[in-house]
Amino acid sequence: MKHHLLALVACATTTLAWANPDFKNVPPSMQKSLHGISAAQFDGGVLRTQMNKPEVTELVYNTFVFHNICAQQWHDPAQFARLGLTRVELFNAAGTQGFAFDARGDVCEEMGKLGKNFRTFIGKYTQACSASTCPPQR
């Protein structure tokens with residue numbers, strides 16, 4: 001019985017950790033769109049995020065940029081502009097691998113126009129990150 005209770009407490013603690021990601025300086029309006037993110041920090045226009053996956057694949061990254069970042073701009077452009085977002089970095093669980101998206105200007109707005117190949121478009125504004133760092137924005 002004692003082991004079962006301990007297992008239940010451990011499970012509940014893990015569930016709470018997943019339910020309450022570690023967000024630092026992330027505006028509430030942006031927090032709503034960060035599904036699947038375990039940690040995020042917003043500083044100087046850069047949103048640095050981390051997810052509990054051993055690797056951030058190109059598909060996961062593209063989906064994140066499209067649904068979690070740019071969709072927010074499409075739904076409320078004025079609020080998105082007030083955020084001052086210039087770059088979004090998405091890292092794996094270890095923080096050693098990921099990608100950075102150049103979110104300056106009207107990049108998301110342009111991508112939202114019909115007829116864009118989203119994968120190719122996102123790729124034009126992306127840099128690979130490794131060893132917990134991303135190259136400087138071009």
Side-chain angles (χ1 to χ4, degrees):
M1 178 74 166
K2 189 176 185 180
H3 294 300
H4 293 296
L5 184 58
L6 184 59
L8 284 172
V9 169
C11 183
T13 304
T14 302
T15 302
L16 285 174
W18 280 90
N20 295 315
D22 183 19
F23 290 156
K24 293 181 180 134
N25 299 326
V26 179
S29 63
M30 188 179 285
Q31 289 180 18
K32 296 174 191 175
S33 70
L34 297 179
H35 309 289
I37 298 300
S38 58
Q41 181 172 343
F42 188 61
D43 187 31
V46 177
L47 177 64
R48 183 178 175 98
T49 60
Q50 192 168 1
M51 58 185 358
N52 284 330
K53 292 190 177 284
E55 179 184 4
V56 177
T57 65
E58 188 177 330
L59 176 61
V60 167
Y61 167 74
N62 286 338
T63 302
F64 174 75
V65 168
F66 184 88
H67 290 288
N68 297 59
I69 303 302
C70 287
Q72 186 174 357
Q73 191 273 340
W74 302 328
H75 295 300
D76 194 344
Q79 183 178 45
F80 188 83
R82 283 192 299 275
L83 294 173
L85 185 65
T86 60
R87 183 176 177 130
V88 178
E89 300 173 354
L90 177 62
F91 280 91
N92 64 352
T96 57
Q97 176 270 328
F99 299 95
F101 178 71
D102 183 349
R104 292 179 289 191
D106 58 357
V107 174
C108 285
E109 180 182 347
E110 186 179 338
M111 184 172 49
K113 295 177 182 173
L114 295 176
K116 292 283 182 196
N117 178 322
F118 300 115
R119 182 175 177 221
T120 302
F121 187 85
I122 291 170
K124 285 177 26 183
Y125 295 93
T126 295
Q127 294 178 286
C129 304
S130 61
S132 300
T133 61
C134 296
Q137 245 173 331
R138 298 179 228 156

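Annotation: side chain of N62 is not in contact with side chain of F118 (no heavy-atom distance under 4.5 Å). When side chains are defined from C-beta on, Y125 does not count as touching V65, because their heavy atoms never get closer than 4.5 Å. Side-chain contact check for R87 versus P136: every heavy-atom pair is 4.5 Å or farther apart. With a 4.5 Å cut-off on side-chain heavy atoms, F64 and V56 do not count as touching. For the pair N52 and S38, the minimum side-chain heavy-atom distance is below 4.5 Å. Side chains of Q73 and M111 form no contact here, defined as non-hydrogen atoms less than 4.5 Å apart. T133 has its side chain out of reach of F91: every pair of non-hydrogen atoms, C-beta onward, lies at least 4.5 Å apart. Side-chain contact check for M30 versus F23: every heavy-atom pair is 4.5 Å or farther apart.
Separating the SG atom in C70 from the CZ atom in F121 is a distance of 7.5 Å, to the nearest 0.5 Å. Rounded to the nearest 0.5 Å, atoms CG (N68) and OG1 (T49) are 8.5 Å apart. Expressed to the nearest 0.5 Å, how far NZ of K124 lies from CD of E110 amounts to 6.0 Å. One finds the OG1 atom of T57 at 8.5 Å from the CD atom of Q97 (value rounded to the nearest 0.5 Å).
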Quick one, S132 with E89, criterion side-chain contact (heavy atoms from CB on, under 4.5 Å). Give me CA distance, side-chain angles, the key distance, then yes/no.
CA-CA 10 Å; S132 300; E89 300 173 354; over 6 Å; no
Exercise. Take Y61 and I122, measure what side-chain contact (heavy atoms from CB on, under 4.5 Å) needs, and give me the verdict at the end.
Key: CA-CA 9 Å; Y61 167 74; I122 291 170; 3.7 Å; yes
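Counting heavy-atom neighbours within 6.0 Å of R119 CZ, excluding the residue itself, gives a total of 12 or less.
Side-chain N or O atoms of N117 include one that pairs as donor or acceptor with a backbone N or O of T120 at under 3.5 Å.
Here the rule is side-chain contact (heavy atoms from CB on, under 4.5 Å) with L47, and of N25, L83, L85 only L85 fits it.
The minimum heavy-atom distance linking D102 with T86 is given by the pair OD1-O, 3.5 Å. Nearest approach of G95 to Q50, heavy atoms of both residues: N-NE2, 3.4 Å. Closest heavy-atom contact between H67 and A71: O-CB, 3.3 Å. Nearest approach of W74 to C108, heavy atoms of both residues: NE1-O, 2.7 Å. Nearest approach of P54 to N92, heavy atoms of both residues: O-ND2, 3.0 Å. Nearest heavy atom pair, residue S29 against residue Q72, reads O-NE2, 3.1 Å.
Transitive grouping of hydrophobic side chains (ILVMFWY, heavy atoms separated by less than 4.5 Å) keeps V46 and I69 in distinct clusters.
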